[in-house]
Amino acid sequence: MSADITRRHGTTRRRIERAERILDAASELVLRWGYDKMTIDDVARRAGVAKGTIYLHWSSREELFAALLRWDRADMVSAVRRQLREDPAAATLPGLFSHLAREIDRRPLIQAALTQDSEVLGKLVQRKRTSGTAGEIVEPFQKYLDRLREHGMARADLSAQDHLTLLATVLYGSVAATRMLPQAFRVPDGRQGELLDDAFERLLVTDRTPSAAALAACATATYEYVDHAYEIARAKLRESLGDDLRPEKDEPHDH
């Protein structure tokens with residue numbers, strides 16, 4: 001590798017590391033004070049950089065926040081992807097969304113985005129909610145379901161829209177219930193996870209006992225769908241952090 005290429009790689013690495021340090025600081029502050037009270041000056045002081053340095057990465061506070069959400073989402077999808085590889089028995093439709101629910105539960109910023117929490121998001125809740133990512137996920141999800149149905153690993157009486165509605169209802173409901181229920185009616189975190197596992201299993205799969213071949217086909221389809229979601233999340237993050245975003249440690253491998 002030439003000296004020029006080495007220098008470019010070093011500069012890119014430092015730029016990405018600096019951006020992530022800024023996002024770390026922004027995450028802490030937006031959860032502590034809310035978007036409306038958080039300023040670029042606050043983020044710069046917390047990250048230990050000059051205010052102008054932040055504007056080298058993002059042109060506005062709103063762009064910084066969008067990058068922050070994309071960063072958290074990409075990390076969430078990466079975590080789910082890694083967990084499914086470590087636990088192949090969970091590489092099913094219910095297992096996928098059970099892991100996703102657990103990741104959402106440990107990410108307050110994503111919870112705030114899902115519930116449009118005005119204390120965290122401030123004036124951003126008044127903006128029209130659009131998601132290009134959602135459209136990029138729906139068609140692959142339809143194909144994923146078709147593959148599962150072929151092997152009896154998903155209910156054939158439910159359309160893709162039905163499945164997505166049920167999944168969104170359970171995921172959103174689990175976040176909203178935690179915030180809305182009186183303390184006396186809240187179950188422990190471990191029990192909530194068990195209830196979600198049971199709900200996904202009852203809602204999404206058939207009663208038949210799958211064969212080993214069906215389970216293997218289901219795992220393959222699940223890995224491929226999650227890999228697709230991972231690539232989309234990384235592409236969105238790359239738009240916010242730059243084309244030279246470094247790869248994750250858990251790069252795709254043979255299943």
Side-chain angles (χ1 to χ4, degrees), residues 66 68-81 83-84 90-121 124-149 153-181 186-187 189 191-206 218 221-233 235-237:
L68 180 58
L69 280 177
R70 288 177 172 182
W71 189 48
D72 207 12
R73 287 170 183 156
D75 188 65
M76 177 178 69
V77 175
S78 178
V80 171
R81 180 171 175 259
Q83 290 158 13
L84 290 176
T92 63
L93 184 59
L96 165 59
F97 282 90
S98 290
H99 278 295
L100 179 60
R102 284 172 168 78
E103 282 300 312
I104 290 174
D105 186 57
R106 55 184 289 267
R107 296 172 187 273
L109 187 61
I110 287 181
Q111 291 179 40
L114 284 174
T115 59
Q116 290 289 277
D117 185 340
S118 60
E119 290 187 6
V120 176
L121 303 185
L124 292 178
V125 300
Q126 301 170 9
R127 302 294 177 89
K128 183 178 179 181
R129 297 184 68 186
T130 59
S131 175
T133 303
E136 294 172 330
I137 289 291
V138 170
E139 184 178 351
F141 184 77
Q142 171 74 71
K143 294 178 179 178
Y144 171 50
L145 281 178
D146 288 343
R147 292 177 66 183
L148 297 187
R149 289 193 190 102
M153 297 298 294
R155 286 176 57 179
D157 61 320
L158 297 178
S159 66
Q161 292 85 351
D162 292 336
H163 276 95
L164 284 170
T165 298
L166 288 171
L167 289 165
T169 299
V170 175
L171 286 173
Y172 176 85
S174 68
V175 175
T178 299
R179 294 164 177 250
M180 294 172 60
L181 284 175
R186 296 181 187 177
V187 299
D189 291 343
R191 179 57 178 159
Q192 182 174 357
E194 293 172 356
L195 292 172
L196 286 173
D197 291 346
D198 185 67
F200 286 129
E201 192 72 31
R202 290 173 182 270
L203 288 171
L204 303 174
V205 301
T206 63
C218 176
T222 301
Y223 288 137
E224 290 177 0
Y225 176 70
V226 174
D227 283 349
H228 177 77
Y230 169 82
E231 291 304 325
I232 289 176
K236 293 294 183 182
L237 180 58

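No experiment lies behind these values; they were computed from the predicted model shown.
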Results of side chain to side chain donor-acceptor pair (under 3.5 Å) for Asp105 - residues two or more places apart only: none

side-chain contact (heavy atoms from CB on, under 4.5 Å) evaluation trace for Gln83 with Arg102: CA-CA 11 Å; Gln83 290 158 13; Arg102 284 172 168 78; 6.0 Å; no

Worked check of side-chain contact (heavy atoms from CB on, under 4.5 Å) between Phe141 and Leu167: CA-CA 12 Å; Phe141 184 77; Leu167 289 165; 3.6 Å; yes

Shortest non-hydrogen contact from Leu145 toward Ala160: CD1-CA, 3.6 Å

Evaluation steps, side-chain contact (heavy atoms from CB on, under 4.5 Å), between Lys236 and Arg73: CA-CA 10 Å; Lys236 293 294 183 182; Arg73 287 170 183 156; over 6 Å; no

Nearest-0.5 Å distance that lies between atom OG in Ser159 and atom CD in Gln142: 8.0 Å

Pro94 backbone acceptor or donor facing Glu201 side chain under 3.5 Å: no

Interatomic spacing from OG1 in Thr169 to CG in Leu164 - rounded to 0.5 Å: 10.5 Å

Interatomic distance, Ile104 atom CD1 to Asp72 atom CG [nearest 0.5 angstrom]: 10.5 Å

Distance (rounded to the nearest 0.5 Å) between Asp157 CG and Arg149 CZ: 8.5 Å

Glu119 atom CD, over 12 foreign heavy atoms within 6.0 Å: no

Least distance between heavy atoms, Ala90 atom then His99 atom: CB-NE2, 3.7 Å

Shortest non-hydrogen contact from Leu114 toward Tyr172: O-CE1, 3.3 Å

Interatomic spacing from CG in Leu100 to CG in Leu84 - rounded to 0.5 Å: 10.0 Å

Nearest non-hydrogen partners of Ala74 and Leu237, listed with the distance: CB-CD2, 3.9 Å

Smallest separation among heavy atoms of Leu93 and Ala154, with atom names: CD2-CB, 4.4 Å

Shortest non-hydrogen contact from Ala229 toward Val77: C-CG1, 4.0 Å

Asp146 bridged to Lys143 by N-O distance under 4.0 Å: no

Point-to-point distance, once rounded to the nearest 0.5 Å, from CZ of Arg191 to CG of Leu196: 10.5 Å

The single option from Leu171, Leu195, Val205 passing side chain to side chain contact (heavy atoms under 4.5 Å, CB included) against Phe200: Leu171

His163: side chain to side chain donor-acceptor pair (under 3.5 Å) partners, not counting sequence neighbours: none

Check ion pair Arg155-Asp162 (N to O, under 4.0 angstrom): no

Side chains of Thr222 and Tyr144, donor plus acceptor under 3.5 Å: yes

Identified side chain to side chain contact (heavy atoms under 4.5 Å, CB included) partner of Met76 from the options Arg106, Arg107, Arg81: Arg107

Test side-chain contact (heavy atoms from CB on, under 4.5 Å) applied to Phe97 and Val170, step by step: CA-CA 10 Å; Phe97 282 90; Val170 175; over 6 Å; no

